[in-house]
Amino acid sequence: MPSWSDFEFRDFIGWHSKLALSKYEEGGFRFRIFGDDLVEVFARNLTGELLSESVAPEQVEITRRYFEKLVTGPFIGLRTGRVPVQGRGFLNFQVLHLPLSATGNNVDHFIHILKPG
């Protein structure tokens, strides 16, 4: 499993706006980077916020279990959904979740890649 340190920011030229990076800390994964296209879909910048804060309250437990499964595997994940935003209706999206590990053993980061849809 690759580590975030295996990449350079320039490796993602042309993708920056579609990427988010989250890092595990006590309480869950926290977004460190949240690209402009993601901000547009979710109607807010989640940089610095916990991943669990990006979902509706009724989705928190489902999301926690989903990421727990990805971490335990480790697995690559794909989520699809619809985001309701007041004044603009619903937007469909897909996000690919790629696990990363600084040690090669434990997932400590995710790269999240948006595919609007």
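- For the atom pair Leu50 CG and Phe31 CZ, the distance stands at 9.5 Å (nearest 0.5 Å).
- Two rings, from Phe34 and His112, have their centers 6.0 Å or more apart.
- Between the CG atom in Leu46 and the CG atom in Leu51 there is a gap of 8.5 Å [rounded to 0.5 Å].
- The structure places NZ of Lys115 at 12.5 Å from CD1 of Ile113, a figure rounded to the nearest 0.5 Å.
- Linking ILVMFWY residues whenever their side-chain heavy atoms come closer than 4.5 Å, directly or via other members, leaves Phe29 and Val60 in distinct clusters.
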Solution key, residues 65-77 side-chain donor-acceptor pairs under 3.5 Å, sequence neighbours excluded:
from: Tyr66; atom 1: OH; to: Leu78; atom 2: N; distance (Å): 3.0
from: Glu68; atom 1: OE1; to: Arg64; atom 2: NH1; distance (Å): 2.8
from: Thr72; atom 1: OG1; to: Glu68; atom 2: O; distance (Å): 2.7

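- Classification of Glu49 and Arg32 as a salt-bridged pair fails, no side-chain N sitting under 4.0 Å from a carboxylate O.
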Start with the C-alpha distance between Leu100 and Asp6, add both sets of side-chain angles, then the distance that settles side chain to side chain contact (heavy atoms under 4.5 Å, CB included), and finish with yes or no.
-> CA-CA 10 Å; Leu100 303 171; Asp6 292 332; over 6 Å; no
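- Taking CH2 from Trp4 and OG from Ser22, the interatomic distance works out to 10.5 Å, rounded to the nearest 0.5 Å.
- The line from CG of Asp108 to CG of Asn106 is 7.5 Å long, rounded to the nearest 0.5 Å.
- With 3.5 Å as the limit, one finds a donor-acceptor pair spanning the side chains of Ser17 and Asp37.
- The nearest pair of heavy atoms linking Thr63 to Val55 is OG1-CG1, 3.7 Å.
- Under the 6.0 Å cut-off for aromatic ring centres, His16 and Phe9 qualify, their centroids lying closer than that.
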